[in-house]
Undergrad: 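Just dropping this structure here.
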There are 2 protein chains.
Amino acid sequence: MTARAPLTREEVVAVAADLVKQHGPQALTMRKLAAELGTAVTSIYWHVGNRESLLDALVERTVADLGGFRPRGATPQDRVLSVARTLRRRLRAHPHLIAMVHERGLTERMFLPAQQALVHEVHAAGLRGTRAAEAVRAVLFQVVGHVLVERNRERAPAQHPREEELWGAGTAEEDRVLARALAAPADPERIFTTSVRALVKSLLDPPT
Amino acid sequence: MTARAPLTREEVVAVAADLVKQHGPQALTMRKLAAELGTAVTSIYWHVGNRESLLDALVERTVADLGGFRPRGATPQDRVLSVARTLRRRLRAHPHLIAMVHERGLTERMFLPAQQALVHEVHAAGLRGTRAAEAVRAVLFQVVGHVLVERNRERAPAQHPREEELWGAGTAEEDRVLARALAAPADPERIFTTSVRALVKSLLDPPT
DNA sequence: ACCTGAACACCGTTCAAGT
DNA sequence: ACCTGAACACCGTTCAAGT
């Protein structure tokens with residue numbers, strides 16, 4: 001029974017990340033973390049200061065782990081879509097951690113790596129200056145916003161509105177296909193592709 | 001000094017809402033709420049069960065208060081944009097409460113009132129069936145997602161990337177206007193209008 | 001330099017007891 | 001039917017004391 005290896009700041013953050021990934025953010029208490037690490041609660045404070053700093057480090061680590069982008073596709077439109085898809089997939093890989101990044105106000109920091117790739121593509125599509133910047137930001141808002149809404153749906157109590165609730169007075173009651181499509185659960189993957197494609201098409205098309 | 005008026009469930013929820021609106025979600029503890037109400041902590045439990053149920057009621061109330069929509073504008077495109085703008089404004093009116101709705105997984109419930117209005121408009125634009133349903137959902141995801149990202153930016157430590165960070169190797173270093181536009185803080189209002197307009201244009205245009 | 005237990009203030013919740 | 005205080009388990013944090 002040898003003594004425990006000396007605690008490090010990196011180990012604390014790594015084990016905290018595991019705890020959140022597996023059991024959600026509410027499972028990350030200083031006491032549970034200490035138990036997981038096999039140390040006294042107060043040891044953690046020496047390495048990370050306090051709980052706030054620990055969460056900062058955790059969220060920083062998550063953002064840094066997002067990584068860079070290698071767009072695929074023949075046209076700028078396709079390559080922007082590929083960046084969007086990759087970003088969505090990476091964000092969805094660790095939903096609890098991404099939720100924490102968002103709750104701690106660092107959503108925008110998640111933009112950075114994708115931003116570099118998108119700048120290149122809108123430039124290739126012929127956009128310049130302010131208009132290019134707006135296109136990049138519109139796509140980023142779109143992708144990250146979509147993932148936030150989508151993730152939410154997944155952990156929701158999954159109550160879809162009954163068909164009758166969908167219609168105001170004098171609305172298209174006759175469109176049964178539409179009614180059933182809206183009453184059924186949405187297919188987020190499809191919404192994502194449809195809407196990113198639609199947005200990119202409008203943004204990158206030369207104004208006529 | 002007459003005795004306190006008898007406590008009601010509605011009063012508990014209302015005061016809880018005020019507490020959250022003014023001081024944020026973390027200010028809503030059972031003990032602080034009791035102090036605000038002028039009762040013993042344990043009285044609250046008789047009326048609302050426990051903290052979870054209280055939050056459910058609070059979030060339900062917030063969603064119900066969103067209200068209906070009266071689209072304005074000459075074309076379906078304009079009226080969809082007006083619904084999007086109104087929804088954004090209402091969501092932004094009580095950021096703390098909306099954040100709670102989101103954290104508790106009821107984001108989708110916020111869709112309902114706007115959904116009725118949007119169904120009418122995409123129908124007027126000539127869309128039917130599945131394609132209409134996809135358009136409605138794409139716009140809702142877009143608007144709500146945007147508001148979530150936007151709100152996040154506002155309470156963030158406001159650290160914008162320095163210009164150099166924006167560029168990968170071999171990227172358009174020569175576009176100074178783009179560089180400066182991306183280094184400056186984003187104008188969310190503008191991004192919102194630009195991207196909703198672009199999305200709606202693509203979705204409602206007849207396929208050619 | 002690193003770790004520890006005791007102690008403090010705060011939290012949600014239960015329960016027996018009051019009216 | 002409604003309200004109360006005492007008590008319990010859990011939390012983040014500080015601090016004096018150890019090595």
Side-chain angles (χ1 to χ4, degrees), chain A residues 1-61 96-97 99-101 103-106, chain B residues 1-61 96-97 99-101 103-106:
Chain A
M1 223 37 151
T2 69
R4 207 205 166 293
L7 201 58
T8 66
R9 181 185 160 87
E10 287 69 36
E11 192 189 358
V12 173
V13 177
V15 172
D18 284 345
L19 220 50
V20 172
K21 275 185 217 163
Q22 293 176 26
H23 307 286
Q26 87 289 351
L28 179 53
T29 73
M30 302 300 270
R31 286 172 149 95
K32 281 179 188 162
L33 180 55
E36 201 74 19
L37 285 163
T39 56
V41 204
T42 44
S43 300
I44 301 174
Y45 285 80
W46 197 92
H47 288 280
V48 299
N50 55 23
R51 187 165 193 270
E52 282 298 287
S53 318
L54 171 60
L55 294 188
D56 282 342
L58 185 53
V59 144
E60 206 71 52
R61 201 183 108 118
H96 289 315
L97 283 173
M100 286 187 59
V101 170
E103 271 157 40
R104 293 190 69 77
L106 263 69
Chain B
M1 220 36 153
T2 70
R4 204 203 167 295
L7 201 58
T8 66
R9 182 186 159 87
E10 288 67 36
E11 191 188 359
V12 172
V13 177
V15 172
D18 284 345
L19 219 50
V20 172
K21 275 185 216 163
Q22 294 176 26
H23 307 287
Q26 87 290 349
L28 179 54
T29 73
M30 301 302 269
R31 285 171 149 94
K32 279 179 191 163
L33 179 54
E36 201 75 18
L37 285 163
T39 56
V41 205
T42 45
S43 300
I44 301 174
Y45 285 81
W46 197 91
H47 287 281
V48 299
N50 56 23
R51 188 167 192 269
E52 282 297 288
S53 317
L54 172 61
L55 294 187
D56 282 342
L58 185 53
V59 145
E60 206 71 51
R61 201 183 109 119
H96 289 314
L97 283 174
M100 287 187 58
V101 171
E103 271 158 39
R104 293 190 70 76
L106 264 68

Undergrad: Take the protein atom CH2 of A:Trp46 and the nucleotide atom C1' of C:dC2, then report the distance between them rounded to whole Å.
TA: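 The answer, rounded to whole Å, is 6 Å.
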Undergrad: Is any side-chain nitrogen or oxygen of A:Ser43 closer than 4.0 Å to OP1 or OP2 of C:dT4?
TA: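 For C:dT4, OP1/OP2 do have a side-chain N/O of A:Ser43 under 4.0 Å.
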Undergrad: Specify the separation, in whole Å, of atom CG of B:Asn50 and atom P of C:dT14.
TA: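 After rounding, the gap between these two atoms is 7 Å.
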Undergrad: Can you measure B:Gln26 atom CD to D:dG12 atom P for me and round it to whole angstrom units?
TA: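 Distance check: B:Gln26 CD to D:dG12 P gives 16 Å.
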Undergrad: Counting only N and O atoms by type, is there a donor-acceptor contact under 3.5 Å from the side chain of B:Gln26 to the main-chain atoms of B:His23?
TA: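 Checking the backbone N and O of B:His23 against the side chain of B:Gln26, a donor-acceptor pair under 3.5 Å is found.
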Undergrad: In whole Å, what is the span from the CZ atom of B:Arg31 to the P atom of D:dC10?
TA: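 Between P of D:dC10 and CZ of B:Arg31: 15 Å.
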Undergrad: Given Watson-Crick or G-U pairs with both distances under 3.5 Å, what dot-bracket string fits DNA chain D, with | for other-strand pairs and [ ] for crossing?
TA: ||.|||||...|||||.||
Undergrad: Cut-off 3.5 Å, side chains only: do B:Asn50 and B:Ser53 have a donor facing an acceptor?
TA: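 The answer is yes; a qualifying pair exists.
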Undergrad: Hey, is the side chain of A:Thr39 poking within less than 4.0 Å of OP1 or OP2 on C:dC3, counting only N and O atoms?
TA: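 For C:dC3, OP1/OP2 do not have a side-chain N/O of A:Thr39 under 4.0 Å.
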Undergrad: Does any N or O in the side chain of B:Arg104 come within less than 3.5 Å of the main-chain N or O of B:Ala99, such that one atom is a donor and the other an acceptor?
TA: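 No, B:Arg104 side chain to B:Ala99 backbone: no donor-acceptor pair under 3.5 Å.
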Undergrad: For the pair made of CE in B:Met30 and P in D:dG5, what is the distance, rounded to whole Å?
TA: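 These atoms are roughly 16 Å apart.
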Undergrad: What is the distance, to the nearest angstrom, from the OH atom on B:Tyr45 to the P atom on D:dA6?
TA: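 Computing the B:Tyr45:OH to D:dA6:P distance gives 17 Å.
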Undergrad: Hey, what do you get for OG1 (A:Thr39) to NE2 (A:His47), rounding to the nearest 0.5 Å?
TA: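 Answer rounded to 0.5 Å: 8.0 Å.
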Undergrad: Between A:Leu37 (CG) and C:dT4 (C1'), how many Å, whole number?
TA: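 Spelled out: CG on A:Leu37 to C1' on C:dT4 is 15 Å.
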Undergrad: Could you state the CZ-P distance from A:Arg51 to D:dG12, rounded to the nearest angstrom?
TA: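 From A:Arg51 CZ to D:dG12 P: 5 Å.
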Undergrad: Once you apply a heavy-atom cut-off of 4.0 Å, does A:Thr42 come out as touching a base, just sugar-phosphate, or nothing?
TA: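 The residue A:Thr42 makes base contact.
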Undergrad: B:Ala40 has a side chain; which of C:dG5, D:dT4, C:dG12 sits nearest to it?
TA: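 That would be D:dT4.
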Undergrad: Look at the side-chain N and O atoms of B:His47 and state whether any lies under 4.0 Å from the OP1 or OP2 oxygen of D:dA1.
TA: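 No, outside the criterion.
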Undergrad: I want to check something: taking the side chain as every heavy atom from C-beta on, are B:Val101 and B:Leu58 in contact at a cut-off of under 4.5 Å?
TA: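 Contact flag for B:Val101/B:Leu58 side chains = no.
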